Amino acid sequence: MAQNLASKYSAKVVERFKLKSLTDKAVNNDYDWTGVNAVSVYSVATAAMGTYTRSGQNRYGTVTEVDTTIQTLTLARDRAFTKSIDRRNRDESMGVTEAGKFLARQLDEVITPEIDVYRLAALGTAASVGVTAGATTSANAYSNFLAVQTTITDKKVPLTGRIAFMTANYYALLKQSNFILDSEDFAGSRHSGNYGTVDGTTIQVVPSSYMPANTDLIITHPVAMVSPMVLESYKTHVDAPGINGWLVEGRVVYDAFVLTAKADAIAKHTTV
C-alpha cells in the first residue's frame with residue numbers, strides 16, 4: 001500500500017547573503033538637490049604665471065577675464081518596484097511573505113547593491129588607467145597598486161582620505177605580495193568591512209560583480225563624486241483596491257556624478 005508521508009514547512013526563511021552599502025564612504029554630499037532636478041556646478045580657472053615687466057602699460061602681463069566652466073548634474077535614476085502579497089498566500093505559507101520583512105529584503109538585496117554598482121560604474125568610467133593593463137598576480141598586485149596611487153598623486157590629489165575598491169581576488173593577491181597591512185587590528189575588524197589600509201589608503205573589498213568589466217582595482221577620493229539620494233519612498237497598502245492583502249511599493253531617486261574638476265582623483269587597474 002502506498003504511503004502518503006506528511007511534510008512540514010518551516011516558518012523560518014532561509015535568507016540570502018546581503019551587504020551594507022560599500023560605497024557610501026566614497027561620496028560626498030556637498031550639493032543640495034532639494035526641490036530641483038539638476039544642479040549646475042561652477043569651476044573657476046586660474047591664471048598662468050609670467051615675468052613682471054618693469055616698464056610699459058601691462059607690467060603684470062596681458063589682462064584677460066577670469067574664465068569659468070559649468071557642469072550641470074541632472075538626475076537620471078528614478079527607480080521603482082511593486083509587489084502584492086495575497087492574504088491567503090501569506091496565511092498559508094506560515095507568514096513568511098510578511099510585508100515588512102519583504103521590504104527589508106528588497107532594500108538589503110536589491111536597492112543597496114544597485115546603488116553601489118551604479119556608483120562604481122561611474123567611478124570606473126571617469127577613472128584614468130593607472131597602469132598598463134594585464135592580469136593581476138601575486139608578483140604585481142602591490143606594484144600595480146602603487147602605480148595607480150602614483151597616477152593620482154602626480155595630479156596633486158590629497159594623500160589622506162583615499163579609498164581603494166578591489167575585488168576579493170585582487171585583495172588575496174595583494175596579501176601574497178610580501179607586505180603587511182598598515183592597520184594592526186584589521187583581522188578583528190572584518191565583520192564591519194574594515195580591511196585596514198595600504199600606504200594610508202582605506203581598503204574596501206567588493207564582490208567582483210560590483211566592479212566594471214575588466215576592472216579589479218579603483219582608487220578614489222570622496223571629493224571626486226557626489227551621489228544625491230533625493231527621494232526614498234516605501235509604502236505598504238493594506239487591502240488596496242483589487243487586492244485582498246498587501247501592496248508594497250517603493251521609489252528611489254538617486255544618481256552619481258563625478259565632478260569634472262575632480263576627476264583626476266580617480267584611477268584604476270584594468271585586466272585587459
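Hydrogens, waters and symmetry mates are skipped; everything else that's a heavy atom, side chains included, is used. Predicted, not measured: the structure shown is a model, and the values here were computed from it.
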Under a 3.5 Å cutoff, is there a donor and acceptor pairing between the side chains of [X] and [Y]?
X: Arg162; Y: Thr201; result: no
X: Thr271; Y: Asp216; result: no
X: Ser40; Y: Thr72; result: yes

Has [X] got a side-chain atom pairing as donor or acceptor with [Y]'s backbone, closer than 3.5 angstrom?
X: Lys83; Y: Val248; value: no
X: Thr74; Y: Ala38; value: no
X: Asp239; Y: Gly245; value: yes
X: Tyr170; Y: Ala141; value: yes
X: Thr197; Y: Thr202; value: no
X: Thr97; Y: Ser93; value: no
X: Thr150; Y: Val148; value: no
X: Ser177; Y: Leu173; value: yes
X: His221; Y: Thr160; value: yes
X: Thr137; Y: Ala139; value: yes

Which atoms form the tightest heavy-atom contact between [X] and [Y], and what is the distance?
X: Asp264; Y: Ile152; answer: O-CG2, 3.3 Å
X: Ile266; Y: Ala126; answer: CD1-CB, 4.1 Å
X: His269; Y: Val131; answer: CD2-CG1, 2.9 Å
X: Ala265; Y: Ala224; answer: CB-CB, 4.0 Å
X: Asn140; Y: Ala135; answer: ND2-O, 3.2 Å
X: Pro207; Y: Leu22; answer: CD-CD1, 3.9 Å

Just wondering, do [Y] and [X] contact through their side chains at under 4.5 Å, heavy atoms?
X: Gln204; Y: Lys25; value: yes
X: Thr68; Y: Ser43; value: no
X: Met229; Y: Ile115; value: yes
X: Ser227; Y: Phe257; value: no
X: Phe81; Y: Glu249; value: no
X: Trp33; Y: Leu73; value: yes
X: Tyr60; Y: Thr51; value: no
X: Leu107; Y: Tyr234; value: yes

Heavy atoms from other residues, nucleotides or ligands near CZ of Arg251 exceed 12 (cutoff 6.0 Å):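 No, CZ of Arg251 has 12 or fewer neighbouring heavy atoms, counting only those of other groups under 6.0 Å.
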Crowding at NZ, Lys155 (>12 non-hydrogen neighbours, <6.0 Å):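 Result for NZ/Lys155: enclosed.
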Residues which pass side-chain contact (heavy atoms from CB on, under 4.5 Å) with Asn28, listed by chain and number, not counting sequence neighbours: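 Listed in chain order: Asp30, Val226.
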Residues forming a side-chain contact (heavy atoms from CB on, under 4.5 Å) with Val110, sequence neighbours excluded: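 With sequence neighbours excluded, Val110 shows a side-chain contact (heavy atoms from CB on, under 4.5 Å) to Gln106, given in chain and number order.
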Note: Lys20-Asp108 ion pair, threshold 4.0 Å (strictly below):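 Between Asp108 and Lys20 there is no salt bridge, as every charged N stays at least 4.0 Å from the carboxylate O atoms.
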Salt-bridge present (Arg88, Glu92; N to O < 4.0 Å):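 Salt bridge flag = yes for Glu92 with Arg88.
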Steps toward side chain to side chain contact (heavy atoms under 4.5 Å, CB included) verdict (Thr69, Tyr42): CA-CA 6 Å; Thr69 58; Tyr42 278 99; over 6 Å; no
Point-to-point distance, once rounded to the nearest 0.5 Å, from [atom1] of [X] to [atom2] of [Y]:
X: Asn244; Y: Asp86; atom1: CG; atom2: CG; result: 6.0 Å
X: Glu98; Y: Trp246; atom1: CD; atom2: CH2; result: 8.0 Å
X: Thr167; Y: Leu217; atom1: OG1; atom2: CG; result: 8.5 Å
X: Ile219; Y: Thr153; atom1: CD1; atom2: OG1; result: 8.5 Å
X: Thr62; Y: Gln57; atom1: OG1; atom2: CD; result: 12.0 Å
X: Asp154; Y: Ser128; atom1: CG; atom2: OG; result: 11.0 Å

Verdict with supporting geometry, Glu114 and Arg79, salt bridge (charged side-chain N to carboxylate O under 4.0 Å, His left out): CA-CA 10 Å; Glu114 176 182 297; Arg79 307 283 284 161; 2.9 Å; yes
Under a single-linkage definition using a 4.5 Å side-chain heavy-atom cutoff for Ile, Leu, Val, Met, Phe, Trp and Tyr, are [X] and [Y] assigned to the same hydrophobic cluster?
X: Val157; Y: Val198; result: yes
X: Leu123; Y: Val117; result: yes
X: Ile243; Y: Val238; result: no
X: Val129; Y: Leu120; result: no
X: Tyr254; Y: Val27; result: no

Test: Arg77 cationic atom under 6.0 Å from Tyr118 six-membered ring centre, within 45° of axis: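 Geometry flag: set, cation within 6.0 Å and 45°.
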Candidate pair Tyr31 and Val41, rule side chain to side chain contact (heavy atoms under 4.5 Å, CB included), full reasoning: CA-CA 9 Å; Tyr31 305 98; Val41 180; 3.6 Å; yes
Aromatic ring pairing Tyr142/Phe145, orientation class (parallel under 30°, perpendicular over 60°, tilted between):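 Ring orientation of Tyr142 relative to Phe145: parallel.
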Test side chain to side chain donor-acceptor pair (under 3.5 Å) applied to Thr23 and Asp116, step by step: CA-CA 6 Å; Thr23 58; Asp116 280 344; 2.5 Å; yes
